[in-house]
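Here the structure is laid out as structure tokens; the discussion comes afterwards.
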Amino acid sequence: MNSIKLDISKVYSFASEKSIVALKTKAEAANKALHDKSGKGNDFLGWVNLPSSITDAQLADIEATAHRLQSEIDVVVVIGIGGSYLGAKALVEAKSDTFAHLKGNSKAPFVLFAGQNIGEDYMSELLELLDQKRYGVVVISKSGTTTEPAIAFRILKEHLENKVGVDKAKELIVAVTDGSKGALRTLATQMGYKTYVIPDDVGGRFSVLTPVGLVPLAIGGIDIRQLVKGAADMENATQSQVAFENNLAAQYAATRYALYQGGKKIEILANYENKLHFLAEWWKQLYGESEGKDGLGIFPASVDLTADLHSMGQYIQEGERTLFETVLSVQKNKHHLTIPSDKANLDSLNFLTGKNIDYVNKMAELGTMLAHVDGGVPNIRIELPENNEYYLGQLLYFFEKACGISGYLLGVNPFDQPGVEAYKKNMFALLEKPGFEEETKKIKERL
Ligand code: PA5
């Protein structure tokens, strides 16, 4: 198969090749533990063989829903937060025409998101837009009780019902949730919404290849078959019997762990293609929630380059030397644009006449990599042959598999997130939620 590529050679002056290869046995054992379900959090390993287990019938069902909605709506609002939001957002941003909403020539509904924040202005402005649009809603929540999406859904459900009537609204709402339990499952059953199930053994941040990601992406016109194919090929290429030397996910996990052991505590995911901004947001949740526990873990950060070279570049070059950088580099673009000649040449750029913009971008990438390595920032490079669904599918699964291996190398349970409950307890106490009386009393004493 054509594959994404991994280059770790620019870390060797910080973590030697020997120190990375020394992790071979541990990384292979971690990968094996993911496959034979013998490690921590083993009830949340449904994602490991997920891509290859998705059936043609499942994809066809999602596509049928997408086609039905595409003929009836101009906008789809996807409601969800965290793992029920970031995967779809990342892929929509990566694959959509950046200016489709202004061009007005999109073949598929424009995908908007809600429930990923509680901003009153955001929601009010969204409602003003939806007053004028034919729209549908995909509401996604595994638990069915998460506050942010639940509030957004209350508001949008009421808005849509008022706009098109209760019966029509039922046809324009799709729910993606637990198979049997939770408030959203109960409501969806009562209302008769079309529903899709999030498997019990797939946690939120590993759920992009379940209906959580596939349903909104199909509605938005993204090729989910190629996405799943790419992921399935990467699943195959990172099986437990694949030796470390050939296993990109194991190599990436071992490299970042070796760097962490050497004091590199922050990983910056850098892209040179702005469309990958939200891919990094998805990646940050994946690694942040999976590794950041028990006082351990690499802090995942991200930059969009070259833009952030004009803001964060100074710190990366000369700040505290606890960073390493992982660069996402896209090789082939969809469009080609050359730099024109200019008679006056006031900007002295005529030497670039006829060159592609991407040529400048690639030289910026190369120059930056050399400068950062010289400045003490190890560089991992991940190359995507193209920004298409197939390679993005590979990339998603590659990161998931490497994340599972990384968590086991670190010794944590990569599949729980106990820390995210702390804010919820305080928020409910402050909101005086019934059942939180004791916490409300305690928290008020602290204020
Ligand atoms: O990774 C996670 O588990 C979280 O980010 C959840 O995805 C997020 O909190 C949303 O949860 P739910 O889908 O239950 O609404």
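One-based numbering, in listed order, for ligands and for the atoms of each.
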I'd like to know if the side chain of S240 reaches the main chain of K32, judged simply by a donor and an acceptor atom lying under 3.5 Å from each other, with no hydrogens or angles considered.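 Looks like no, no N/O pair under 3.5 Å.
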
Quick one: do the E148 and T146 side chains pair a donor with an acceptor below 3.5 Å?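 Distance-only check fails for E148 and T146.
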
Mind checking what residues have non-hydrogen atoms under 4.0 angstrom from ligand 1?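 Correct list: I81, G82, G83, S84, S141, K142, S143, T146, G204, R205, Q285, E289, Q417.
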
Do the side chains of [X] and [Y] get close enough for a salt bridge, i.e. N-O under 4.0 angstrom?
X: K441; Y: E437; result: no
X: E281; Y: K284; result: yes
X: K194; Y: D61; result: yes

Is it true that the NZ or CZ of R256 lies under 6.0 Å from the centre of Y260's six-membered ring and within 45 degrees of the ring axis?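 So R256 doesn't make the cation-pi contact.
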
